[in-house]
Amino acid sequence: MLEQLKPQAPDKILMLVQMFRDDPRSDKIDLGVGVYKTAEGLTPIMRSVKAAEKLLWETETTKSYTGLAGDPAYGAAMRDMILAGAVSNDRVSAAATPGGTGAIRQALELIRLAAPGATVWLSAPTWPNHPSIIKYLGMPMAEYRYFHEATRGVDFDGMMSDLRGLKAGDAVLLHGCCHNPTGANLTLDQWKTVIEHLQKVGAIPLIDLAYQGFGDGLEEDAAAVRLLTSSLPETLIAASCSKNFGIYRERTGILMAVSDSAKGQPVTQGTLAFLNRQNFSFPPDHGARLVTMILNDQELRADWKTELEEVRLSMLGLREQLASELRQRTNSDRFDFISRHRGMFSRIGATPEQVQTIREKNGIYMVEDSRLNIAGLNAKTVPILAEAIVAAGV
Ligand code: LMR
């Protein structure tokens with residue numbers, strides 16, 4: 001049987017991790033996978049996470065199963081952090097999932113179960129794992145324009161024009177903040193226009209929220225999600241704690257489904273638990289428990305917010321520095337979009353050949369579509385990157 005298997009195409013982001021490891025150059029720079037790094041190139045465990053782990057080690061008395069949807073306290077803490085009362089709690093269902101990817105997968109399965117044949121609309125471009133999972137599940141998929149190659153901003157006219165093709169019951173996957181891979185984001189006014197259209201058509205948003213706190217701030221990054229949720233009858237939210245709590249390997253995510261009334265909530269909640277049972281039974285608990293402890297403890301929460309804000313500001317500083325280095329070298333403002341983008345990533349608009357040249361000549365690794373991870377830089381490597389970008393003719 002196993003000899004029938006065909007090799008799978010490698011994931012374009014994860015492939016870079018190995019290529020980078022195999023590169024013997026000591027001055028190589030990794031701007032590939034979306035992992036936060038300090039100026040020293042480390043991905044540290046956050047202070048609050050360490051403190052919560054210590055406390056957990058001292059106080060945890062059992063490793064027995066939680067519930068199929070995870071610990072309800074985790075669901076409540078995440079709901080409050082993301083939605084902050086944007087809708088009444090009795091409309092919200094929540095289930096812990098293995099990471100944000102697990103939440104996306106469960107959301108797609110929920111859509112397929114509730115509305116077989118519904119089309120899932122994706123931004124062009126989007127995180128490559130979105131179309132990959134949808135294709136794997138055999139669900140109909142369509143794209144809407146999102147990125148304006150010339151300005152490296154949002155192609156909002158193109159987006160709205162493509163979304164005119166939406167049908168009632170379709171799902172639209174939207175990045176709640178910090179668009180991956182482009183770094184270009186909608187303004188609140190543009191979000192309002194999208195919401196009006198979804199209302200008119202009767203389509204449901206599936207919001208991928210993997211970078212809350214990495215863009216404009218913890219509350220600011222949730223503004224679009226809150227607006228969508230309070231304006232529309234139904235919303236799906238797939239959120240990740242990998243980045244904002246720095247607990248990548250703990251696989252800590254959540255799927256929230258907002259029903260149009262409290263009456264529909266129990267069936268939705270039961271379905272989330274059912275879907276977890278079918279796919280992996282109980283979700284991982286360690287990361288979720290740490291997050292719950294941090295969010296529910298005044299001191300730990302304050303320290304976490306301080307550290308998260310330091311992370312966010314360090315990325316903003318690197319954006320400013322890179323844009324300024326490029327302004328000097330090109331005598332133009334054509335790379336200023338880098339300081340306007342938000343989150344970990346910017347798509348700089350290099351061709352795959354230029355990306356390859358930069359990798360081979362300079363040992364700088366970015367994704368083939370020219371997405372670079374801003375957090376992979378530091379004050380010393382920013383000028384090196386700027387030089388390489390200009391030399392490659394981007
Ligand atoms: C990324 O986009 O680099 C991250 O979300 C990591 C991943 O799994 O691709």
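What's counted below: heavy atoms across the whole structure, side chains too, no hydrogens, waters or symmetry copies. Numbering of ligands and ligand atoms starts at 1, following listing order.
Judged by the 6.0 Å and 45° rule, R371 forms a cation-pi pair with F345. The cationic atom of K28 (NZ for Lys, CZ for Arg) lies less than 6.0 Å from the six-membered ring centre of F20 and within 45° of the ring axis.
Evaluated for a ring pair (Phe, Tyr, Trp, His ring centres under 6.0 Å) with H179, the options Y146, Y211, F214 yield exactly one hit, Y146. For the side chain to side chain donor-acceptor pair (under 3.5 Å) criterion with Q356, the lone passing option out of R359, Q354, E360 is E360.
The single protein non-hydrogen atom nearest to atom 8 (O) of ligand 1 is W127 CZ2, 3.6 Å, given as residue, atom name and distance. Protein heavy atom nearest atom 4 (C) of ligand 1, with residue, atom name and distance: K243 NZ, 3.3 Å.
Each of the following atoms of ligand 1 lies closer than 4.0 Å to a heavy atom of R371: 1 (C), 2 (O), 3 (O). When each atom of ligand 1 is checked for a heavy atom of V33 under 4.0 Å away, the hits are 3 (O), 6 (C). The atoms of ligand 1 that sit less than 4.0 Å from any heavy atom of G34 are 1 (C), 3 (O).
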Before you tell me yes or no, could you show the steps for K192 and E196 under salt bridge (Lys or Arg N to Asp or Glu O under 4.0 Å), namely the whole-Å CA-CA distance, both residues' side-chain angles and the distance that decides it to 0.1 Å? CA-CA 6 Å; K192 284 179 191 155; E196 273 165 32; over 6 Å; no
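Neither the backbone nor the side chain of V35 has a heavy atom within less than 4.0 Å of ligand 1.
Within the 4.0 Å heavy-atom cutoff, Y248 does not count among the residues contacting ligand 1.
Hydrophobic clustering keeps L236 apart from L166 (ILVMFWY residues linked when any side-chain heavy atoms are closer than 4.5 Å, directly or through intermediates).
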